[in-house]
Amino acid sequence: MRAIVADIRIHPIKGLDPVSVGEARVLASGALAGDRRLAMLDVDGGFVNGKHEPAIHRIRARYDLGKDTVLLSQMDSSKEQPFALNDDLVDLTSWLCEALHRPVRVTRDDESGFPDDAHALGPTFISTASIEAVGGWFPGMTLDSVRRRFRANIEIGGTPAFWEDRLYGPGDGVVRFRAGATVFEGTNPCQRCVVPSRDPDTGEPRAGFLKLFSDYRRETLPAWADRGRFDHFFRFAINSRLAHGSADAGADDRIIRVGDSVDLVTRA
């Protein structure tokens, strides 16, 4: 059994749809280039995303990364509006304000993006088998729905379910692992918010989602997972950061590609 990178997903605009890519460059910060590069802020400077704004689920985004553009539309309309992601963001901001019926400000960070965990700027990792297992817990839920609910960056194929729970240590310990030529440190099982409980297309909540997920997660937690890292069981996928020294590698040495091996290095 060989763990490999099965898919790479980045979210150019935090809170909106992802796009799958065949490869991604790892920035010196540890973030994937282009991931959560743009974010919406409210008048107080807080993030406007699915945690606090369910209407975001009703916005569709289709990207052309070669042209650095996005087509935005609303769920109840087939009209798509194009925007350049590297130009003045005034028009994009105006469209989002109108779609969300509230004032927002769009900001950009090309060096580290806007991750949810400020102490682990690297990509989030999850296994294909884990996605399949969670899909089986909820009748009628597609694998695409599971992926879009939990919004992980790198999907690992060729492993049993919850293999990614090997990628953090006890206490505050981390596990070093290599994806392609880049070494990361797995820091913790990712604490989830309300977003996964909502339909990714409509924002409609699924009754009992959090409890059912937590119950199954507790029952199926593998022997290799450290239960001490679970103050609750609404945790899924792994947060990471770039291992010390990896930021000094050349940019060409920090590219992760679909098909690359994922290998444990050492516990730290």
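Nothing here was measured: the structure is a model prediction, and the numbers come from that model.
- Using a 3.5 Å distance cut-off with no hydrogens or angles, the side chains of Gln74 and Arg58 do not pair a donor with an acceptor.
- In this model, a donor atom of one side chain and an acceptor atom of the other lie less than 3.5 Å apart for Asp109 and Ser112.
- With 3.5 Å as the limit, one finds a donor-acceptor pair spanning the side chains of Glu164 and Ser127.
- No donor-acceptor contact under 3.5 angstrom links the side chains of His57 and Glu204, judged on distance only.
- Just one residue in the list Trp137, Phe233, Phe234, Phe162 forms a ring-ring contact (aromatic ring centres under 6.0 Å, His included) with Tyr216, and that residue is Trp137.
- Under 4.0 Å is where a charged nitrogen must lie from a carboxylate oxygen, and between Asp215 and Arg218 at least one such pair does.
- With Asp116 as the fixed residue, the salt bridge (Lys or Arg N to Asp or Glu O under 4.0 Å) test singles out one of Lys14, Arg151, Arg36: Lys14.
- With ring centers used as reference points, Phe213 lies under 6.0 Å from Phe236.
- The aromatic rings of Phe209 and Phe138 lie parallel to each other, with less than 30° between the two planes, well short of the 60° mark.
- Each of Arg235, Arg229, Arg217 was checked for a salt bridge (Lys or Arg N to Asp or Glu O under 4.0 Å) with Asp165, and the lone residue meeting it is Arg217.
- Between Arg62 and Asp17, no side-chain nitrogen of the basic residue sits less than 4.0 Å from a carboxylate oxygen of the acidic one, so the salt-bridge criterion is not met.
- In this structure, OG1 on Thr128 lies 8.5 Å from CD1 on Ile156, to the nearest 0.5 angstrom.
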TODO: Show your reasoning for whether side chain to side chain donor-acceptor pair (under 3.5 Å) applies to Ser261 and Arg2.
DONE: CA-CA 7 Å; Ser261 293; Arg2 173 172 168 259; 2.9 Å; yes

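- Crowding of Glu111 atom CD: a count of heavy atoms from other residues, nucleotides or ligands under 6.0 Å not exceeding 12.
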